[in-house]
Amino acid sequence: MASLLYRLGRLSFRQRRCFALLWVAVLAACSFAALSAPAAEEDGFSIPGTESQKAFDLLDERFPGDNAEGADARIVFAAPDGQKVTARENRAAVEKVVDTVARGEQVKDASNPFAPEAVSEDSGTAFATVTYSASGDDLSEATSAALLQAVEDGRAAGLTVEVGGSAVDGGPELGGITELIGIAVAALVLFITFRALVAAGLPLVTALIGLGAGVCAIVAAGMSTTTITLALMLGLAVGIDYALFIVSRYRAERAEGQGAEEAAGRAVGTAGSAVVFAGATVVIALAGLSVAGVPMLTDMGLAAAGTVVIAVLVALTLLPALLGFFPQAVLPRTRRRDPAPVSAPALGRGKEPAGSRWARLVVRRPLATLLLSVAGLGIVAIPALDLRLGLPGDEAQPTSTTQRRAYDALADGFGPGFNGPLTVVVDAKDADDAKGAAARARGALSATEGIAEVSPATFNKTGDTATIAAVPSTGPAAGATKDLVRTIRASAPELKAETGASMWVTGQTAMNIDVSTKVTAALAPYLAVVVGLAVLLLMVVFRSVLVPLKAALGFLLSVAASFGVIVAVFQWGWLGDQLGVAQTGPVMSMMPIFLIGVVFGLAMDYEVFLVTRVREAYVHGASPAQAIVTGFRHSARVVVAAAVIMIAVFAGFIGMTDSMIKMLGLGLAAAVLFDAFVVRMTIVPAALALLGNAAWRLPRWLDRILPDLDIEGERLTRALATEPTSPREESVNA
């Protein structure tokens, strides 16, 4: 592996113009393909194998055309305090708004806002549902503008008018001012780390090129826009980090007297090997998201994994090519004038790096450090014991949005469960009396505790299937609503036995409950697959059994602590105002598997980059304790810089308004903070010091089975030590 990458690094350096033009062509081709690709279909949310999805599919079959996906808007009207929305002037203003919207070109239907079911009991609130013939992404600007203008006209008439629904939902947020701040922080950290403008700029340039190619490829492949968010987060973060490690190794090789081309080859052969295996762990973790069986989760994982693969390829090929254009500019200013190698005695006379000083401190008191660190993470993880899962809707939007205000107005006027009705499907195809079976189901629903209202049954044209809307007395995210869905489903066998009809529960609320259940059930097999494969991969990297196991246990501590932060902020409301959390409630149901997958990959990144240098020193004859100090001398500064950059990038997404993105950004930023600084920089050296030589032992039978890929470049270093410098290399050095 190291020898192959060494040759690739030198080739990229020599043929820098060809490789640079190649990546320009790749970026241009991906951009052209993205611009030429047809618009992706609007994001669908399906959860195969669940009852709610089976019921939804049955509705598509039995009610053809009725469930065609089109955008909808629910316009909510509230009268001023002390007035009724049905008063003459208010009624006229409401009807004018609805009539104006109904005349729109893409409008299919607009409901009567004064139907009995559309007016609250106190007559203070009413609503109208507008359905469109096009999806939310396909609505014209004129249609959207007409809706918003009608809402403003209603407000001008003295009413409180808010609107929710897919017609006013914006697309996924792909960036913002906070994300730009994150990139700016990354640039500052790179400059502080390298003290050279070009060295700081190269990782940013290569990361953005890789990210651009990856995102354009996602769009060109026709994947939905929701898949881009995770790809943006990871593509930018790992792209910068991978380039950071290779540039840092290049500078270290130049400091030891290597020529520019040779240094580029050695940097790609050693640090590049770590990049390949670190990237492989991230890809394994992301591709493993498909274990959950949720198509949207699978698409997001595969899209982000593809972006990481591109980031690895860019770091291995484009970066050494760019180093060829700026072989001296990436070096510290003093090194540009004096290229003579720095001798070991000279290094020893200088100030000892902070990384090695920290390692000496940890190695001196390993047991106390280990216990203190584990206890600290355990305390932070305590809120995770109260973890509740769900899929937040408009109730999680900021109160500054019209969607959230519409949600609150409906909840106040019609009850908390009105925003999350359950759709009960009665399949009476095998029943002797379809109408009698539907009436029996409706009666059972009306008698069920926790249901506030039940609508009449609506049959399809053939009369063999009916739908009944049941409004819970509790909100969509409440635990009581989840129990209610279970109760209704538990009564289905009784209806089947009495009438021969089957009963299913679906609707957005039921689908949210089902996806939470399915994702939770997938966690154990997902952990087994991802952690198992990654442990095997790390065994190949480190030729050890205990080091990979220690890495996996450290990762679990990081994840537990990050879940503690998420629960404390999003469920308990700690620092909620400061972080812009509009509403406390359950944690997004897909967050655990998202966080576990992404954090495991990133945690293994730092494990590989940090421990590789420790093992490199150990295999060259250093004692276990001295190997830790030596490894930290070479890698701690760069790992810290990489972690700070990744935290800055992820933290940039906390400023988004979308609660899912905000939660993911905070969770990832916290996880990287805990994993890099507490686990990898503190627990890892303490554990290695306690294990001593045992940390690097591998049973002989396992050593024979596992391939030896020379990740640290030990064989490469020995081979290069016996080779004289070629005349071409001498000319490049000059």
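Both backbone and side-chain heavy atoms feed into the values below; hydrogens, waters and symmetry mates do not. Note that the structure is predicted; figures quoted are calculated from it, not measured.
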(request) Answer yes or no: is there a side-chain heavy-atom contact under 4.5 Å between Val185 and Val649? (result) no

(message) Let me confirm one number: the CG-CZ distance from Leu197 to Phe191, rounded to the nearest 0.5 Å.
(response) 6.5 Å

(message) Let me confirm one number: the CD1-CG distance from Ile654 to Leu666, rounded to the nearest 0.5 Å.
(response) 4.5 Å

(message) Show the nearest heavy-atom pair for residues Thr317 and Ser12, with the distance to one decimal.
(response) O-CB, 3.4 Å

(message) Once you measure the plane-to-plane angle for Trp696 and Phe542, does it fall in the parallel (<30°), tilted (30-60°) or perpendicular (>60°) bin?
(response) perpendicular

(message) Can you tell me which residue among Val684, Leu690, Thr682 is in a side chain to side chain contact (heavy atoms under 4.5 Å, CB included) with Leu370?
(response) Leu690

(message) Donor-acceptor pair, distance only, cut-off 3.5 Å: does the side chain of Arg680 make one with the backbone of Tyr606?
(response) no

(request) Indicate yes or no: at least one non-hydrogen side-chain atom of Ser635 is less than 4.5 angstrom from one of Phe609. (result) no

(request) Considering non-hydrogen atoms only, spot the tightest contact between Arg637 and Ile192 and give its length. (result) NH2-O, 3.0 Å

(message) Tell me whether Arg251 contacts the main-chain N or O of Val330 through its side chain, where contact means a donor paired with an acceptor under 3.5 Å.
(response) yes

(request) List the atom of Val535, the atom of Ala552, and the distance in Å for their closest heavy-atom pair. (result) CG2-CB, 4.3 Å

(request) Give the minimum heavy-atom separation between Arg543 and Val540, together with the two atoms involved. (result) CD-O, 3.4 Å

(request) Hey, could you give me the CG/CD1 distance between Leu527 and Ile593, rounded to the nearest 0.5 Å? (result) 8.0 Å

(message) Counting C-beta onward and ignoring hydrogens, is there a side-chain heavy-atom pair between Phe277 and Thr281 closer than 4.5 Å?
(response) no

(message) Is any side-chain heavy atom of Lys550 closer than 4.5 Å to one of Glu607?
(response) yes

(message) Quick one, Leu313 and Trp23 - any side-chain contact, counting heavy atoms below 4.5 Å?
(response) yes

(request) Kindly indicate whether the side chain of Leu557, heavy atoms from C-beta on, has any atom under 4.5 Å from the side chain of Val678. (result) no

(request) Search all heavy atoms of Asn693 against all heavy atoms of Pro624 and return the closest pair with its distance. (result) OD1-CG, 3.2 Å

(message) So, taking the atom named CZ in Phe653 and the one named CG in Leu664, what distance separates them when rounded to the nearest 0.5 Å?
(response) 8.5 Å

(message) Given 3.5 Å as the limit, does a donor-acceptor pair link the side chain of Arg360 with the main chain of Arg357, or not?
(response) no

(request) Report yes or no: does Arg364 contribute a side-chain atom to a donor-acceptor pair with the main-chain N or O of Ala359 at less than 3.5 Å? (result) no

(request) List the steps, then state whether side-chain contact (heavy atoms from CB on, under 4.5 Å) holds for Val238 with Val312. (result) CA-CA 8 Å; Val238 302; Val312 171; over 6 Å; no

(message) Test your reading of the model: is there a side-chain donor-acceptor pair from Tyr250 to the backbone of Pro327, 3.5 Å cut-off?
(response) yes

(request) State the CD1-CD1 distance between Ile240 and Ile183, to the nearest 0.5 angstrom. (result) 7.0 Å

(request) Give a yes or no on whether the backbone of Gly324 and the side-chain of Arg16 come within a donor-acceptor separation of less than 3.5 Å. (result) yes

(request) Examine distances only and state if a side-chain atom of Ser248 and a backbone atom of Leu244 form a donor-acceptor pair shorter than 3.5 Å. (result) no

(request) Any chance you could lay out the side-chain contact (heavy atoms from CB on, under 4.5 Å) test for Leu211 and Leu232, step after step, and finish with the verdict? (result) CA-CA 7 Å; Leu211 184 63; Leu232 274 173; 3.9 Å; yes

(request) Go through the steps to decide whether Arg7 and Glu261 satisfy the test salt bridge (Lys or Arg N to Asp or Glu O under 4.0 Å), and finish with yes or no. (result) CA-CA 10 Å; Arg7 292 193 293 271; Glu261 180 180 329; over 6 Å; no

(message) Could you go through Val679 and Leu377, starting from their C-alpha distance and side-chain angles, then the distance that decides it, and tell me whether this counts as side-chain contact (heavy atoms from CB on, under 4.5 Å)?
(response) CA-CA 9 Å; Val679 175; Leu377 290 178; 3.8 Å; yes

(message) For the backbone of Met681 and the side chain of Trp358, can you confirm whether one donor and one acceptor N or O come within less than 3.5 Å of each other?
(response) yes

(message) Please check this pair: side chain of Arg254 against backbone of Leu331, looking for a donor-acceptor N/O pair closer than 3.5 Å.
(response) no

(request) Using a 4.5 Å cut-off on heavy atoms from C-beta on, say whether the side chain of Val545 contacts that of Pro699. (result) yes

(request) Determine, stepwise, if the pair Tyr242 / Leu316 fulfils side-chain contact (heavy atoms from CB on, under 4.5 Å). (result) CA-CA 9 Å; Tyr242 293 165; Leu316 298 179; over 6 Å; no

(request) Drop me the distance from Arg633's CZ to Ile628's CD1, to the nearest 0.5 angstrom. (result) 13.0 Å

(request) Check whether any side-chain heavy atom of Tyr6 sits under 4.5 Å from a side-chain heavy atom of Glu262, and report yes or no. (result) yes

(message) For Thr630, is there any backbone N or O sitting under 3.5 Å from a side-chain donor or acceptor partner on Arg613?
(response) no

(message) Tell me the closest heavy-atom pair linking Ala689 and Pro366, and the distance in Å.
(response) CB-CB, 4.0 Å

